[in-house]
Protein chains: 2
Amino acid sequence: MAVVGDGESRALTPTSYVVLGLVHMLQPCTSYDMKQLVNVSIGHFWPFPHSQLYAEPTRLVDDDLLVEEQEDAGRRRRLYRLTQAGEDAFRDWARMPAQDIGELRDEGLLKLFFSDPADRESIATLAAAQVKVHEERIETLSAVRDDVAEDASPAQMATLELGLRWDRTAADFWAEVADNPPG
Amino acid sequence: MAVVGDGESRALTPTSYVVLGLVHMLQPCTSYDMKQLVNVSIGHFWPFPHSQLYAEPTRLVDDDLLVEEQEDAGRRRRLYRLTQAGEDAFRDWARMPAQDIGELRDEGLLKLFFSDPADRESIATLAAAQVKVHEERIETLSAVRDDVAEDASPAQMATLELGLRWDRTAADFWAEVADNPPG
DNA sequence: GTACGCATGTAAACGGTTACATGATTTG
DNA sequence: CAAATCATGTAACCGTTTACATGCGTAC
């Protein structure tokens with residue numbers, strides 16, 4: 001009996017599912033096609049460098065979740081598609097509620113946590129900078145929203161909406177901190 | 001002339017500054033002391049395994065930002081303190097506004113983004129689970145807040161406050177999605 | 001036809017996660 | 001004094017990041 005895949009199966013990471021999801025939407029597609037989509041969508045809340053979009057599909061081919069087909073002329077680009085197992089893995093993941101809890105990982109929060117209570121001025125400066133960052137991102141995301149309104153699904157628009165609400169919440173919070181620095 | 005540190009200096013990561021900040025608060029302290037504090041504070045919004053609290057101080061000693069002193073009896077635990085360079089590096093970081101933008105990295109958001117518009121029931125199920133997760137975390141964080149209210153600085157309490165607001169924002173968002181799934 | 005930018009990809013190094021391991025302390 | 005739990009640490013693997021490299025099209 002033929003064994004498919006090399007050796008033990010690995011646990012898939014969120015990146016794996018991002019790639020499966022992207023291929024699901026775009027197949028057949030190249031790594032660069034994925035990159036293009038990432039740039040205007042999930043890249044805004046789940047950033048990663050494009051090299052992952054080359055490395056991860058290779059692993060998924062090993063796992064028999066993707067198939068790769070290489071052009072025989074020109075640039076010999078690699079085109080990816082889902083296998084049946086890939087479709088299944090993606091659908092199962094999409095259906096199952098998320099188990100991990102989304103963390104903030106905001107460096108500004110770290111700085112606030114470690115701030116010197118006696119140095120309220122530094123805190124105010126930090127807070128003002130954070131307000132700026134979040135308001136700028138509200139601008140960016142609003143523009144993206146308008147840009148993609150035609151093409152994106154309602155669920156995709158909703159992800160943008162949560163992003164905007166988060167930045168609004170954060171901007172308000174930091175504005176309060178700037179106004180009245182704790183210390 | 002004596003050369004301090006081995007080879008080229010590396011770029012410090014957020015983890016580096018977490019450790020510098022922890023040592024700043026607790027020095028002299030062991031990795032385990034840091035772990036204790038992490039568990040009831042930044043661990044809630046910037047989680048990482050305790051092994052990092054052993055690995056990173058070793059690197060920081062190489063960088064001459066920490067000094068290590070080993071007990072000569074008993075468990076021979078390692079105690080860390082900041083060097084002058086460590087104090088400086090930490091203070092400089094703390095003063096400078098954060099440059100990276102805190103990202104969401106919420107797996108639930110990914111699932112929403114990739115959800116099948118035709119399958120509104122899955123979306124509603126996902127959303128209901130997300131509501132539960134965030135409301136539970138509101139409970140947890142509220143309890144932590146009450147627990148540490150005596151000991152924590154106002155700035156530290158403020159970080160908890162932002163965490164709570166984020167979970168509130170997210171819980172509300174997902175409740176709306178559950179109520180009226182896009183698709 | 002040259003220059004610039006977009007498209008496409010690779011490789012090495014490093015941090016982070018996971019898993020394991022075992023010595024102390026407390027509790028019953 | 002046995003068992004459980006806390007305290008303390010190590011090692012290996014693997015994903016991610018960073019940096020480099022270079023073909024192809026297009027505009028001037």
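To find a chain, count down the sequence lines: A is the first, B the second, and so on, and within it residues start at 1.
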For this session: Calculate the interatomic distance between Q36(B) atom CD and dA7(D) atom C1'; express it in whole Å.
Result: 9 Å

Exercise. Does T15(A) have any side chain to side chain donor-acceptor pair (under 3.5 Å) partners at least two apart in sequence or in another chain, and if so, which?
Worked result: none

Problem set entry | Separation of dG16(C) P from Y54(B) OH (nearest whole Å) | 17 Å

Exercise. Does the salt bridge (Lys or Arg N to Asp or Glu O under 4.0 Å) test come out yes or no for E69(B) and R81(B), once each step is laid out?
Worked result: CA-CA 8 Å; E69(B) 173 189 348; R81(B) 279 171 228 272; 3.1 Å; yes

For this session: Please name all residues satisfying side chain to side chain donor-acceptor pair (under 3.5 Å) with N180(A), sequence neighbours left out, ordered by chain then number.
Result: none

Seminar exercise, completed: By side chain to side chain donor-acceptor pair (under 3.5 Å), S41(B) pairs with (sequence neighbours left out) none

Problem set entry | Separation of dG9(C) C1' from L79(A) CG (nearest whole Å) | 15 Å

Exercise. Rounded to the Å, how far apart are E56(B) CD and dT10(D) P?
Worked result: 15 Å

For this session: Assign each of Y32(A) and R59(B) to its nearest nucleotide of DNA chain C by heavy atoms, then name whichever residue's nucleotide is nearer the 5' end.
Result: Y32(A)

Report all interatomic pairs (protein N or O, nucleotide N or O of nucleotides 17-20 of chain C) with separations under 3.5 Å.
unit_1, atom_1, unit_2, atom_2, d
dT18(C), O4, S51(B), OG, 2.9

Exercise. Rounded to whole angstrom units, what separation is found between the CZ atom of R77(B) and the P atom of dA24(C)?
Worked result: 12 Å

Exercise. For dT10(D), does either OP1 or OP2 sit under 4.0 Å from a side-chain N or O belonging to R78(B)?
Worked result: yes

Problem set entry | Whole-Å distance separating the CZ atom of R10(B) from the C1' atom of dA12(C) | 18 Å

For this session: Would you kindly give the CG-to-C1' distance between D33(A) and dC6(C), to the nearest whole Å?
Result: 14 Å

Exercise. Got a sec, which pairs hit salt bridge (charged side-chain N to carboxylate O under 4.0 Å, His left out) with one end in residues 140-150 of chain A, sequence neighbours left out?
Worked result: R145(A)-E161(A)

For this session: Provide, to the nearest angstrom, the distance between the CG atom belonging to D62(B) and the C1' atom belonging to dG15(C).
Result: 15 Å

For this session: Among residues two or more places apart or on two chains, list those pairs meeting side chain to side chain donor-acceptor pair (under 3.5 Å) that have a residue in residues 46-60 of chain A.
Result: R10(A)-E56(A), S16(A)-E56(A), E56(A)-R59(A)

